[in-house]
Amino acid sequence: DLFSADCHGPAPMSLQRLSTLPPFSIAMLSLFGLGWIFCFLTFLLSVPELVEMKIFYRDVLKISSDELQTVPWSVVLKQLIEAQRVHQLCITVRELDQLDITNLITRRTNYMIALYAKNTLPTEISIPFLGEWQFMPLVLQWNIDYVLSRCIFDGYSNVRPRVM
C-alpha cells in the first residue's frame with residue numbers, strides 16, 4: 001500500500017512530513033495552491049455568463065450545443081441578422097448586416113490598431129549605440145487592452161460618453 005510504506009520501509013503519509021520540507025518549497029506549494037484557488041474561483045464566476053451564452057445560442061439563434069462545434073460562421077451571421085429583426089438585439093440600428101456585426105466584434109481591436117498607426121503609444125525604445133528599436137512588451141499590451149476594455153469601452157463595445 002502506498003500510504004503505509006515507502007522505499008525505505010514503513011512510513012505513513014501524514015501532514016507531519018510537510019514540516020520537513022524547506023521553507024522555499026512550502027512557499028512555492030502555497031503560491032501554487034493560491035493560484036489554483038484563484039483560477040477555480042474565476043471559473044466559477046464565469047459559469048453564469050457561459051450559461052447565459054448557451055441559452056442565447058439555443059433559444060435566440062436556434063443553434064444547439066452539438067451544432068455549435070461545426071456550424072459555419074455564415075450561418076451564425078444569418079441567425080444574428082434574423083434575431084435582430086425579431087428581438088432588436090442592437091438598439092443603435094434597426095437592421096444589422098454582416099458588416100455591422102463584424103465591426104461590432106472587431107471594434108476594440110480596430111481601436112488598438114488605430115492607436116498604433118497614429119503613433120500615440122510609445123512603441124520605440126532608445127538603446128545606446130544601437131539607436132531606436134520598436135518594442136512593445138506583452139505586459140504593456142495587456143495593460144492597454146485592459147484600459148480599452150474597462151475604461152474606454154462599455155460592455156457593449158461602445159465608447160463611453162465621458163471619453164468622448
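Positions are given from 1 along the sequence.
Between the side chain of Thr106 and the main chain of Thr109, no donor-acceptor pair closer than 3.5 Å is present. Checking side-chain atoms of Gln69 against main-chain N and O of Asp66 turns up no donor-acceptor pair under 3.5 Å. Checked by atom type and distance alone, the side chain of Ser25 never pairs as donor or acceptor with a backbone atom of Leu21 at under 3.5 Å.
Listed by chain and number, the residues in a side-chain hydrogen bond (donor to acceptor under 3.5 Å, both in side chains) with Asn103 amount to none (sequence neighbours excluded). Annotation: salt bridge (Lys or Arg N to Asp or Glu O under 4.0 Å) contacts of Asp97 (sequence neighbours excluded): none. The side chain to side chain contact (heavy atoms under 4.5 Å, CB included) check on Pro137 picks up Phe135, Leu140, with sequence neighbours excluded. Gln79 is linked by a side-chain hydrogen bond (donor to acceptor under 3.5 Å, both in side chains) to nothing, counting only residues two or more places apart in sequence or in another chain. By the side chain to side chain contact (heavy atoms under 4.5 Å, CB included) test, Glu132 is found to be paired with Glu124, Ser126, residues two or more places apart in sequence or in another chain being considered.
Ile144 and Val147 fall into different hydrophobic clusters, where Ile, Leu, Val, Met, Phe, Trp and Tyr side chains are chained together by heavy-atom contacts under 4.5 Å. No chain of hydrophobic side-chain contacts below 4.5 Å, direct or via other Ile, Leu, Val, Met, Phe, Trp or Tyr residues, connects Ile113 to Leu104. Note: the hydrophobic cluster containing Ile105 also contains Leu77 (ILVMFWY, side chain heavy atoms under 4.5 Å, direct or indirect links). Hydrophobic cluster membership is shared by Met53 and Trp73, with clusters built from Ile, Leu, Val, Met, Phe, Trp and Tyr side chains linked at under 4.5 angstrom.
Considering OH of Tyr146 and SG of Cys151, their distance stands at 6.5 Å, rounded to 0.5 Å. Rounded to the nearest 0.5 Å, atoms OG1 (Thr70) and CD1 (Ile63) are 10.0 Å apart. To the nearest 0.5 Å, atom CH2 of residue Trp133 and atom CD1 of residue Ile125 are 11.0 Å apart. Note that CD of Glu95 is 9.0 Å distant from CD of Gln88, once rounded to the nearest 0.5 Å.
For CD of Gln98, the number of neighbouring non-hydrogen atoms (other residues, nucleotides, ligands) closer than 6.0 Å is 12 at most.
Grouping Ile, Leu, Val, Met, Phe, Trp and Tyr residues whose side-chain heavy atoms lie under 4.5 Å apart, directly or via other members, places Ile55 in a hydrophobic cluster with Trp36, Ile37, Phe40, Leu41, Phe43, Leu44, Val47, Val51.
Looking only at side-chain heavy atoms (C-beta outward), His87 and Val60 come within less than 4.5 Å of each other. Between Leu61 and Leu80, some side-chain heavy-atom pair lies under the 4.5 Å cut-off. Side-chain atoms of Phe24 and Met28, non-hydrogen and from C-beta on, do get closer than 4.5 Å to each other.
Considering every non-hydrogen atom in both Ile81 and Ile101, the closest pair reads CG1-CD1, 3.9 Å. Lys54 approaches Ser65 most closely through the heavy-atom pair CE-OG, 3.3 Å. Between Gln141 and Met112, the shortest heavy-atom contact is O-CE, 4.0 Å.
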